[in-house]
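To start, the structure itself, in structure tokens.
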Amino acid sequence: MGSIGVLLVAQVIPYLEQELDKRYKLFRAYDQPQTAQVLSQHASSIRAVVGNSNAGADAELIEALPKLEIVSSFSVGVDRIDLDRCKEKGIRVTNTPDVLTDEVADLAIGLMLALLRRICECDRYVRSGKWKKGDYKLTTKFSGKTVGIIGLGRIGQAIAKRAEGFNCPICYYSRTQKRDSNYKYYPSVVELASNCDILVVACPLTEETHHIINREVINALGPKGYLINIGRGKHVDEAELVPALLEGRLGGAGLDVFENEPTVPEELFGLENVVLLPHVGSGTIETRTAMADLVLGNLDAHFLGNPLLTPLV
Ligand SMILES: O=CC(=O)O
């Protein structure tokens, strides 16, 4: 398979890059000038694209690669891939579901605890020596809070299961009610937000879910409500979120993702009712290695004519 051209469009863990390099003829293009250069010389030999949650295959790249057969994403989210274009052209698409479910759900619970119990703020309190001048103020209990989940897919269900362990009543919104779930269903996000203490975004980013957290939802969640986003930055209208947090119209937010990563609204830096993470939902050695193995397994399966491990298209 050493003559098969694979285009890597995102920086990935060294293990994945090295394995791709060993098995395929690997081209790297992490920005527009690099892409233009690689395409000008090698477009017709590239049969696979490997991307991640930041960079995938848009219509322009797909059109520029006449021999493209498969896009394999080192992520579960595939919002950076033009799936319709891939379907039209018979290009296969794979992602990395399941192997990261526990990790992302763990982090969602971590964000809830950190936010309500102010764990990061308490850490800063100790380090800055302020404890010597007095005890830290009282915080908010997490156990027993009602957790509302947007998207009851694999990750949403894993978050629900964990939150149940903290005696949290669970409710959810999804496009359709899940027959096999006993959790309370709300047919709109505003109703869900009005009826929970902690609202978690755990759905894929699509045209319908872009800015699913808007002014109305934020106001429905209110000054005692908390927002957790482990989905995608573009699920949240940040231009509405930031003033709501600054003005105290929203109780707090735990955010792993942002609209314009790695840029985070600096107005948030001074707030103690936010916890800000650099998109690390699946970011452990164990999970990223398992994700890498899925990317490699899917590519190998495709080029050997075997069934794909995690086909999406
Ligand atoms: O954001 C991470 C992913 O989609 O895997």
Side-chain angles (χ1 to χ4, degrees), residues 8-17 19-20 30 49-58 61 70-83 86 92-111 149-159 162 174 200-213 227-236 238 253-264 275-299 308-313:
L8 181 59
V9 294
Q11 270 163 342
V12 293
I13 57 170
Y15 165 64
L16 177 55
E17 186 176 347
E19 283 302 314
L20 288 170
Y30 303 142
V49 167
V50 173
N52 67 5
S53 58
N54 296 320
D58 58 12
L61 183 63
I70 181 167
V71 180
S72 186
S73 194
F74 181 56
S75 67
V76 68
V78 287
D79 44 285
R80 297 297 177 127
I81 302 172
D82 191 327
L83 296 177
C86 287
R92 308 300 310 271
V93 178
T94 65
N95 64 342
T96 60
D98 299 318
V99 294
L100 48 60
T101 300
D102 283 344
E103 211 69 89
V104 179
D106 290 353
L107 194 81
I109 298 293
L111 275 172
I149 302 175
I150 302 176
L152 205 61
R154 297 175 180 93
I155 294 175
Q157 287 180 41
I159 294 169
R162 284 160 175 71
S174 60
V200 190
V201 183
C203 58
L205 179 66
T206 62
E207 268 173 35
E208 296 94 66
T209 65
H210 180 263
H211 286 186
I212 197 166
I213 305 298
L227 175 71
I228 301 292
N229 190 5
I230 46 80
R232 284 285 183 269
K234 290 185 195 310
H235 281 127
V236 176
E238 262 173 24
L255 308 170
D256 184 39
V257 286
F258 300 88
E259 275 205 272
N260 298 302
E261 292 172 12
T263 302
V264 174
V275 177
L276 308 171
L277 304 183
H279 199 152
V280 289
S282 64
T284 65
I285 295 166
E286 294 89 336
T287 292
R288 289 279 166 88
T289 304
M291 290 165 65
D293 283 332
L294 263 186
V295 170
L296 295 164
N298 275 308
L299 288 178
L308 298 178
L309 307 181
T310 51
L312 259 187
V313 172

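Order of listing sets the numbers, starting from 1, for every ligand and every atom in it. Heavy-atom basis, side chains included; hydrogens, waters and symmetry copies ignored. When a residue number appears, it is its place in the shown sequence, counting from 1.
- Atom OG in Ser72 sits 8.5 Å away from atom CG in Asn95 (nearest 0.5 Å).
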> Between Arg154 and Asp98, is a salt bridge (Lys or Arg N to Asp or Glu O under 4.0 Å) present by the stated rule, with each step listed?
Replying inline: CA-CA 7 Å; Arg154 297 175 180 93; Asp98 299 318; 2.8 Å; yes
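- Residue His279 approaches ligand 1 through these ligand atoms, each under 4.0 Å from one of its heavy atoms: 1 (O), 2 (C).
- Counting heavy atoms under 4.0 Å from ligand 1, residue Ser75 touches it through both backbone and side chain.
- Residue-to-ligand polar distances keep Ser282 apart from ligand 1: every N/O pair is separated by 3.5 Å or more.
- Within ligand 1, counting atoms from 1 as listed, the ones closer than 4.0 Å to a heavy atom of Ser53 are 1 (O), 2 (C).
- At least one N/O-N/O distance between Val76 and ligand 1 falls below 3.5 Å.
- Residue contacts with ligand 1, taken as heavy atom pairs separated by less than 4.0 Å, do not involve Thr96 at all.
- Listed by number with element, the atoms of ligand 1 under 4.0 Å from a non-hydrogen atom of Leu100 are 5 (O).
- Those atoms of ligand 1 with a heavy atom of Gly77 less than 4.0 angstrom away are 3 (C), 4 (O).
- Between Met291 and Leu100, some side-chain heavy-atom pair lies under the 4.5 Å cut-off.
- Looking at every heavy atom in both residues, Thr287 comes nearest to Val99 through CG2-O, 3.7 Å.
- Scanning all heavy atoms of the two residues, the minimum distance from Leu294 to Pro97 falls at CD1-O, 3.9 Å.
- Side chain of Thr206 to backbone of Thr209: a donor-acceptor contact under 3.5 angstrom is found.
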